[in-house]
2 protein chains.
Amino acid sequence: MDDIAQVTAGLVRLSFRVQEIYARVSERHDLTPVQAKLLCVVADGPRGMADLANHFGVERAALTGLVDRVERRGLAERTAVPGDRRALHVAPTEAGCHAARAFKTEMGEELGKLVAGLSPELREHLGQALAQLVGPGDLGTAMCRP
Amino acid sequence: MDDIAQVTAGLVRLSFRVQEIYARVSERHDLTPVQAKLLCVVADGPRGMADLANHFGVERAALTGLVDRVERRGLAERTAVPGDRRALHVAPTEAGCHAARAFKTEMGEELGKLVAGLSPELREHLGQALAQLVGPGDLGTAMCRP
DNA sequence: TATTGTTATACTCTATAACTATA
DNA sequence: TATAGTTATAGAGTATAACAATA
């Protein structure tokens with residue numbers, strides 16, 4: 001097996017592993033992965049429905065249901081937008097902010113554990129490779145990308 | 001932002017990116033991501049329902065529905081197991097084998113493109129880091145892990 | 001009694017199409 | 001007319017619980 005084949009296989013494995021962690025941490029906070037992503041986004045500032053749908057790459061109708069469910073669970077709420085009576089903003093409640101914060105913290109811890117076994121040099125190299133592959137950015141924003 | 005935070009953020013980004021590719025390639029072959037995973041597994045040899053459910057980490061009842069759908073689409077079929085009249089094996093049809101092969105090939109190509117921009121040294125380092133993080137293994141088996 | 005697989009039911013997530021209200 | 005959001009409907013994927021047949 002050549003060099004590239006080995007790397008690509010590792011990428012797929014790693015991706016599944018990270019998604020497993022994401023799902024497990026979400027569940028531990030009584031959230032679905034999608035709800036966790038949504039809360040992480042709106043915790044950084046209220047957003048409109050169309051804006052959010054675009055951000056997540058889903059239809060507006062799908063977002064209506066998503067927001068319905070987090071709202072029913074008391075984690076977010078729709079608020080009016082001054083100056084445009086059609087529009088709504090989605091903002092986290094106090095509980096939603098808390099959940100988003102806890103989720104992000106725990107994701108950082110779990111991923112930290114994952115890379116803790118790497119030598120400092122290898123971790124440094126990994127960081128360089130990742131920066132080239134997917135660009136820079138902090139964990140907070142990474143967590144809520146599509 | 002420290003070293004580890006940067007790496008963990010990159011891991012999350014990368015994970016989402018790979019999942020996007022997985023979903024896009026699946027769709028291009030008229031499969032859902034889960035169906036693609038299932039076909040990749042059974043293409044390596046027929047497996048029992050309970051075995052598959054365990055492999056994917058889902059309940060047996062969920063697997064019944066999954067297999068119903070791929071069977072309805074003519075991509076796999078349930079076959080009797082000689083020696084145990086309770087058991088069933090899931091085996092790919094000719095069309096299912098073809099879909100699995102095409103899916104794996106295209107995933108390899110897409111992921112190859114993703115890492116093509118890295119310098120040989122960095123790719124080598126990335127390979128080492130991935131091997132330590134998630135172990136070795138070829139793309140075929142990586143593709144159908146949980 | 002334990003295991004294999006299914007059925008019934010319910011929930012989340014998603015898409016498409018048709019709709020309302022506002023700009 | 002175009003945009004923001006919703007409703008209605010359908011389908012995939014999942015879980016739990018109860019069930020059948022076989023070991």
Side-chain angles (χ1 to χ4, degrees), chain A residues 16 19-20 22-24 26-39 41-42 46-91 99 144 146, chain B residues 16 19-20 22-24 26-39 41-42 46-73 75-91 144 146:
Chain A
F16 280 125
Q19 294 298 316
E20 275 171 25
Y22 203 102
R24 181 158 41 83
S26 302
E27 192 179 19
R28 214 177 285 159
H29 294 278
D30 195 33
L31 299 169
T32 66
V34 176
Q35 289 170 356
K37 265 194 297 191
L38 176 61
L39 287 178
V41 172
V42 297
R47 308 273 291 260
M49 301 287 287
D51 181 15
L52 288 168
N54 184 271
H55 183 80
F56 290 127
V58 302
E59 293 297 317
R60 298 196 311 282
L63 203 76
T64 294
L66 267 180
V67 173
D68 284 348
R69 288 183 288 272
V70 295
E71 196 163 31
R72 203 185 307 142
R73 288 156 92 124
L75 299 168
E77 46 194 13
R78 290 165 163 97
T79 60
V81 175
D84 187 343
R85 295 204 321 237
R86 297 172 304 179
L88 291 173
H89 271 174
V90 180
C144 39
Chain B
F16 280 124
Q19 293 298 316
E20 275 171 26
Y22 202 103
R24 181 157 42 81
S26 302
E27 193 179 18
R28 214 176 285 158
H29 293 279
D30 196 33
L31 299 169
T32 66
V34 177
Q35 289 170 356
K37 265 194 297 192
L38 176 61
L39 287 179
V41 172
V42 297
R47 308 274 291 259
M49 301 288 286
D51 181 15
L52 288 168
N54 184 271
H55 183 81
F56 290 126
V58 302
E59 292 297 317
R60 296 196 311 282
L63 204 77
T64 293
L66 268 181
V67 173
D68 283 350
R69 289 184 288 273
V70 295
E71 198 163 30
R72 203 185 309 142
R73 288 155 93 125
L75 299 168
E77 45 194 14
R78 290 165 163 97
T79 61
V81 174
D84 188 342
R85 296 203 322 236
R86 297 171 304 178
L88 290 173
H89 271 175
V90 180
C144 39

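Nothing here was measured: the structure is a model prediction, and the numbers come from that model. Here is how names work: the chains are called A, B, and so on, in the same order as the sequence lines, proteins then strands, and each is numbered from 1.
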Checklist entry - Which salt bridge (charged side-chain N to carboxylate O under 4.0 Å, His left out) pairs, counting each pair once, include a residue from residues 52-70 of chain B, with sequence neighbours left out? => result B:D68-B:R78
Checklist entry - Just how far, in rounded Å, is C1' of C:dT14 from CG of A:L52? => result 16 Å
Item to check | Length of the line joining A:Q35:CD and C:dC11:C1', which is rounded to integer Å | outcome: 11 Å
Checklist entry - Please give, in whole Å, the distance from C:dT7 P to B:L88 CG? => result 11 Å
Checklist entry - With sequence neighbours excluded, what pairs up with B:R86 under the side chain to side chain donor-acceptor pair (under 3.5 Å) test? => result B:D84
Checklist outcome for this item: Residues in residues 58-69 of chain B with a heavy atom under 4.0 Å of DNA chain C, by number, are B:R60, B:A61, B:T64
Protein-nucleotides 20-22 of chain C N/O pairs under 3.5 Å:
residue: C:dT22; atom: O2; partner: A:R86; partner atom: NH1; Å: 3.4

Item to check | A:L31 to A:A99 - nearest heavy-atom pair and separation | outcome: CD1-CB, 4.4 Å
Checklist outcome for this item: Separation of C:dT12 atom P from A:L75 atom CG, nearest Å, is 12 Å
Checklist outcome for this item: Of all heavy-atom pairs linking A:P33 and A:A23, the shortest is CG-CA, 4.1 Å
Checklist entry - Roughly how far, to the nearest 0.5 Å, is the CG atom of B:L39 from the NE2 atom of B:H29? => result 11.5 Å
Item to check | Range on DNA chain D touched by chain B, heavy atoms, distance below 4.0 Å | outcome: D:dA12 to D:dA23
Checklist outcome for this item: For B:E77, the side chain to side chain donor-acceptor pair (under 3.5 Å) test, sequence neighbours excluded, returns none
Checklist entry - Please give, in whole Å, the distance from C:dC13 P to A:F56 CZ? => result 11 Å
